Asks: 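Take a look at this one; I'll ask things after.
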Amino acid sequence: MGALDPVLMQPCRVVRAIGELDLMTAPAFAADLRGPGDANPLPWLVVDLSEVSFMDCSALGELCAVRDRNEKRGGWTRVVYTHPSIELLFRAARLDALFPRYISVHEAQWGRAYMALL
């Protein structure tokens with residue numbers, strides 16, 4: 001699904017995952033992140049994990065790889081997640097600074113990360 005990045009006025013890709021992201025589903029998730037075939041996907045990516053009920057560390061390496069690739073091309077990777085266990089996984093892996101929490105695709109497209117009240 002394409003959408004316009006409001007800052008860059010360029011289209012961005014949105015990858016939505018549903019259900020569980022684990023060792024069995026990580027390869028398909030990785031393929032979705034890389035994009036179709038040999039095409040050169042856009043370097044602006046929103047990964048929507050809002051409908052993911054469980055995630056283990058299997059998907060983290062692919063998220064880091066696509067983030068690095070997009071940043072090298074002048075883009076970004078933003079992750080939408082709302083489930084508390086996914087937030088804990090990012091914190092435990094010390095990736096919460098690399099992948100700040102966005103609460104919706106719209107907020108991610110605008111670059112408005114969620115800031116919890118302390």
Side-chain angles (χ1 to χ4, degrees):
M1 166 192 256
L4 288 182
D5 176 274
V7 176
L8 302 172
M9 295 309 290
Q10 298 290 327
C12 72
R13 287 190 317 123
V14 176
V15 172
R16 288 187 173 88
I18 298 172
E20 297 184 358
L21 285 176
D22 56 21
L23 189 58
M24 295 299 292
T25 59
F29 178 64
D32 289 343
L33 292 177
R34 286 190 297 271
D38 292 328
N40 194 5
L42 302 167
W44 304 283
L45 174 64
V46 175
V47 181
D48 184 358
L49 303 179
S50 61
E51 293 189 48
V52 170
S53 56
F54 173 81
M55 181 173 151
D56 67 16
C57 61
S58 303
L60 296 180
E62 291 299 330
L63 281 171
C64 289
V66 76
R67 178 191 173 276
D68 292 346
R69 183 187 70 196
N70 287 343
E71 286 198 353
K72 286 179 184 173
R73 296 173 56 217
W76 44 253
T77 301
R78 297 175 181 158
V79 182
V80 176
Y81 53 97
T82 56
H83 200 281
S85 66
I86 295 174
E87 182 174 13
L88 288 174
L89 178 64
F90 278 109
R91 283 186 188 174
R94 298 183 184 204
L95 293 173
D96 51 326
L98 291 179
F99 297 104
R101 180 179 173 194
Y102 292 89
I103 59 171
S104 71
V105 171
H106 178 76
E107 296 297 309
Q109 288 170 324
W110 282 93
R112 295 188 294 234
Y114 174 78
M115 302 301 284
L117 298 175
L118 298 176

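Remember, predicted model here, so these are calculated numbers, not experimental data. Numbers here simply count residues along the sequence, with the first being 1.
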Asks: Would you say S50's side chain and Y81's backbone share a donor-acceptor pair under 3.5 angstrom?
Replies: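 No; zero donor-acceptor contacts below 3.5 Å.
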Asks: To the nearest 0.5 Å, tell me how far F90 CZ sits from C57 SG.
Replies: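 Result: 11.5 Å between the selected atoms.
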Asks: Identify the two heavy atoms, one from C12 and one from V46, that lie closest to each other, and give their separation to 0.1 Å.
Replies: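 Smallest heavy-atom distance, with atoms named: SG-CG2, 4.4 Å.
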Asks: Which pair of heavy atoms, one from L98 and one from R67, lies closest together, and at what distance?
Replies: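 Residues L98 and R67, closest heavy atoms: CD2-NH2, 3.2 Å.
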Asks: Let's go through S58 and L23 carefully: what are the C-alpha distance in whole Å and the side-chain angles of both, what is the deciding distance for side-chain contact (heavy atoms from CB on, under 4.5 Å) to 0.1 Å, and is it a yes or a no?
Replies: CA-CA 5 Å; S58 303; L23 189 58; 3.9 Å; yes
Asks: Under the side-chain contact (heavy atoms from CB on, under 4.5 Å) criterion, do R16 and V105 qualify, and how do the steps go?
Replies: CA-CA 10 Å; R16 288 187 173 88; V105 171; 3.9 Å; yes
Asks: How long is the span from the OH atom in Y102 to the CD atom in Q109, to the nearest 0.5 Å?
Replies: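 Here the interatomic distance stands at 11.5 Å.
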Asks: Do Y114 and I86 land in one hydrophobic cluster if side-chain heavy atoms of ILVMFWY residues count as linked below 4.5 Å?
Replies: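 In one cluster with Y114: I86, no.
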Asks: When you measure from the side chain of T25 to the backbone N and O of E20, does any donor-acceptor pair fall under 3.5 Å?
Replies: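 Checked: pair present.
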Asks: Give me the atom names and distance for the closest heavy-atom approach of L49 to L21.
Replies: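 Looking at all heavy atoms of both residues, the shortest contact is CD2-CD1, 3.7 Å.
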Asks: When rounded to the nearest 0.5 angstrom, what distance separates OG1 in T77 from CZ in R13?
Replies: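 T77 atom OG1 to R13 atom CZ measures 8.5 Å (nearest 0.5 Å).
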Asks: Using the rule that Ile, Leu, Val, Met, Phe, Trp and Tyr join whenever any side-chain heavy atoms are under 4.5 Å apart, tell me whether V15 and L42 fall into a single cluster.
Replies: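 In one cluster with V15: L42, no.
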Asks: Apply side-chain contact (heavy atoms from CB on, under 4.5 Å) to residues F29 and D22 and explain how you reach the verdict.
Replies: CA-CA 9 Å; F29 178 64; D22 56 21; over 6 Å; no
Asks: Could you pull out the closest heavy-atom pair between S53 and H83, with the gap in Å?
Replies: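 Distance-wise, the nearest heavy atoms are O-NE2, 3.6 Å.
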Asks: Between L63 and L95, is there shared hydrophobic-cluster membership here, with clusters defined by ILVMFWY side-chain heavy atoms closer than 4.5 Å?
Replies: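 As far as the 4.5 Å side-chain criterion goes, L95 and L63 are connected within one cluster.
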Asks: Which pair of non-hydrogen atoms, one from I103 and one from T82, has the smallest distance, and what is that distance?
Replies: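 Minimum heavy-atom contact is O-CG2, 4.0 Å.
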Asks: Return yes if a side-chain donor-acceptor contact under 3.5 Å exists between S104 and H106, otherwise no.
Replies: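 Per modelled atom types, S104 and H106 side chains form no pair under 3.5 Å.
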Asks: Report the C-alpha distance between E107 and R78 in whole Å, list the side-chain angles of each, state the deciding distance to 0.1 Å, and finish with yes or no for side-chain contact (heavy atoms from CB on, under 4.5 Å).
Replies: CA-CA 10 Å; E107 296 297 309; R78 297 175 181 158; over 6 Å; no
Asks: Quick check against the 3.5 Å criterion: does R101 have a side-chain atom that pairs as donor or acceptor with the backbone of D96?
Replies: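 No: the side chain of R101 does not pair with the backbone of D96.
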Asks: Locate the shortest heavy-atom distance separating V52 from I18; write the atom from each residue and the value.
Replies: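 Between these two residues, the closest heavy atoms are CG2-N, 4.3 Å.
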Asks: Just wondering, do F99 and V47 contact through their side chains at under 4.5 Å, heavy atoms?
Replies: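 No, too far: nothing below the 4.5 Å cut-off.
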Asks: Just how far is it from atom CD of E62 to atom CG of L60, taken to the nearest 0.5 Å?
Replies: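 Result: 10.5 Å between the selected atoms.
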